[in-house]
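Report on the structure given below.
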Amino acid sequence: MTQEMLLDNEEPAKSKETFLEKFCVLAKNATGAALLDVLKQVLEAPNVFVFGELLVEPNVAELKDGPDAKYYNTLNLFAYGTYKEYRSKAGDYIELSPAMQKKLQHLTIVSLAIKTKSIPYALLQQELEIDNVRHLEDIIIEAIYADIIHGKLFQNTRILEVEYAQGRDIPPGNTGKIVETLQAWVNSCDGVSSCIENQIKYANAEKSKRLFNKDRVEQDLINLKKMLKSQASDSDESMQIDTHGPSGSGVLSLADLRKKPSKLKAQRNAGVVGLKFSK
């Protein structure tokens, strides 16, 4: 029997955008070491999982080509990248604290959840570089309680079934791809709508045919009943027996029909004219 863990938040989380706005305000008025401290705080903040607005702040954007470029690169990594990217080029980024590493792992799970709703443990372990299954499940549960994904853990089959995943920041230049994807979705919806309309028209036409055939059959039944009734009436008239004529008139009366067969036979013989032949 598959063991299933249903995990979800009972209370809605506070707006994550509100937390990010606070750091954006701090970054506007900070420079030098103070700005770098703000970036460290936002990277560790448990309620901030989007960073696009902070990346475009002038003070932050200036770090890209300066001596503190690693801070900008790290913020860019948290906005668009994954834990595996960090591990492959760790020298391009600042040294991550345990809280930062765990947060980047949570964001990596979000990236996987956006691509597929059924994620094998093996893939998660590979992307997060976790060998222990229990440790992996703890990371997933933490991500769920952070309200960035909702889903179920199937421990026997070792699969994470995702029901919801929040979006991540959109990389520069990817807007066109999003527009194309949305346009393809719109075209698909139009196609489905057109198909449904055709099905409705076909169904209405078939309904009209059935109603017409039903009315025709009912009318045919009415006409048939009238014809049968008319034929029965004509047959009764042709077979009617005169019950009021005299018994000597050559027509059998109802009283004659009620007589015993012997008497009826005698009456018939009495009406026979005798013929005499001579030699």
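Side chains are part of it too, since the values below use all heavy atoms of this structure and drop only hydrogens, waters and symmetry mates. The shown structure was predicted, so the numbers you read here are calculated from the model rather than taken from an experiment.
- One finds the CG atom of Leu112 at 11.0 Å from the CG atom of Leu107 (value rounded to the nearest 0.5 Å).
- Leu43 is listed as a side-chain neighbour of Leu75, based on a closest heavy-atom distance under 4.5 Å.
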List the atom pairs, with distances to 0.1 Å, where a side-chain N or O of residues 26-40 and a protein N or O form a donor-acceptor pair under 3.5 Å, not counting sequence neighbours.
{"residue": "Asn29", "atom": "ND2", "partner": "Val25", "partner atom": "O", "Å": "3.4"}
{"residue": "Asp37", "atom": "OD2", "partner": "Gln41", "partner atom": "NE2", "Å": "2.8"}

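- We find the CG-OH distance between Asn76 and Tyr93 to be 7.5 Å, quoted to the nearest 0.5 Å.
- Under a 3.5 Å cut-off, the side chain of Ser88 and the backbone N or O of Glu85 do form a donor-acceptor pair.
- Atom CD1 of Ile119 is separated from atom CD1 of Ile140 by 8.0 Å, given to the nearest 0.5 angstrom.
- In plain terms, the two heavy atoms of Gly52 and Asp169 that are nearest each other are N-OD1, 3.0 Å.
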Report all side-chain donor-acceptor pairs from residues 199-212 shorter than 3.5 Å, counting only partners two or more places apart or in another chain.
{"residue": "Asn204", "atom": "ND2", "partner": "Ile200", "partner atom": "O", "Å": "3.3"}
{"residue": "Ser208", "atom": "OG", "partner": "Asn204", "partner atom": "O", "Å": "3.0"}

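- Remark: the backbone N or O of Ala99 is not paired with any side-chain donor or acceptor of Glu44 at under 3.5 angstrom.
- Crowding of Asp131 atom CG: a count of heavy atoms from other residues, nucleotides or ligands under 6.0 Å not exceeding 12.
- The shortest non-hydrogen separation linking Gln166 to Asp147 is OE1-O, 4.4 Å.
- The closest side-chain heavy-atom distance from Gln155 to Glu137 is below 4.5 Å.
- Without hydrogens or angle criteria, Asn132 side chain to His135 main chain gives a donor-acceptor distance under 3.5 Å.
- Cluster membership for Val56 and Leu20, using ILVMFWY side-chain heavy atoms within less than 4.5 angstrom, is not shared.
- Formation of a donor-acceptor pair under 3.5 Å by the Arg87 side chain with backbone atoms of Glu127 is not found in this model.
- Between atom CG of residue Leu63 and atom CG of residue Asp68 there is a gap of 6.0 Å, rounded to the nearest 0.5 Å.
- In this structure, Ile109 and Val162 have side chains that are not in contact, with every pair of non-hydrogen atoms separated by 4.5 Å or more.
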Between Ile114 and Val110, is a side chain to side chain contact (heavy atoms under 4.5 Å, CB included) present by the stated rule, with each step listed?
CA-CA 6 Å; Ile114 292 173; Val110 172; 4.0 Å; yes
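- The backbone N or O of Leu104 lies less than 3.5 Å from a partner atom in the side chain of Thr108, making a donor-acceptor pair.
- With Ser97 contributing its side chain and Met100 its backbone, the two residues share a donor-acceptor pair below 3.5 Å.
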Side chain to side chain contact (heavy atoms under 4.5 Å, CB included) evaluation trace for Tyr121 with Leu153:
CA-CA 9 Å; Tyr121 277 23; Leu153 296 177; 3.7 Å; yes
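- Side-chain contact between Lys103 and Val48 is present, with heavy atoms from C-beta onward closer than 4.5 Å.
- Under the 4.5 Å side-chain heavy-atom criterion for Ile, Leu, Val, Met, Phe, Trp and Tyr, Leu128 and Ile159 are members of distinct hydrophobic clusters.
- Using bins of under 30°, 30° to 60° and over 60° for the plane-to-plane angle, the ring pair Phe51/Phe78 lands in the perpendicular bin.
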Evaluate the criterion side chain to side chain contact (heavy atoms under 4.5 Å, CB included) for residue pair Gln125 and Val133; output intermediate values, then yes/no.
CA-CA 8 Å; Gln125 288 179 283; Val133 172; 4.0 Å; yes
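- Here the closest heavy-atom approach between residue Leu55 and residue Tyr72 is recorded as CD2-CE1, 3.7 Å.
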Yes or no on side chain to side chain contact (heavy atoms under 4.5 Å, CB included) for Glu129 and Gln105, after CA distance, side-chain angles and deciding distance?
CA-CA 9 Å; Glu129 296 189 3; Gln105 288 176 325; over 6 Å; no
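- In this structure, CG on Leu160 lies 11.5 Å from NZ on Lys152, to the nearest 0.5 angstrom.
- Judged purely by atom type and a 3.5 angstrom limit, Lys102 has no side-chain atom pairing as donor or acceptor with the backbone of Ile139.
- Heavy-atom minimum distance, Pro120 versus Ser118: CD-O, 3.6 Å.
- A distance-only check finds a donor-acceptor pair linking the side chain of Thr74 to the backbone of Lys70 [under 3.5 Å].
- Put simply, CZ on Arg216 and CG on Asp220 are 7.0 Å apart, with the number rounded to the nearest 0.5 Å.
- Contact detail for Gly81 and Arg168: the closest heavy-atom pair is O-NH1, 2.6 Å.
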Are Gln219 and Asn223 close enough, and set up right, to give a side-chain hydrogen bond (donor to acceptor under 3.5 Å, both in side chains), and what steps lead you there?
CA-CA 6 Å; Gln219 186 61 47; Asn223 294 337; 3.2 Å; yes
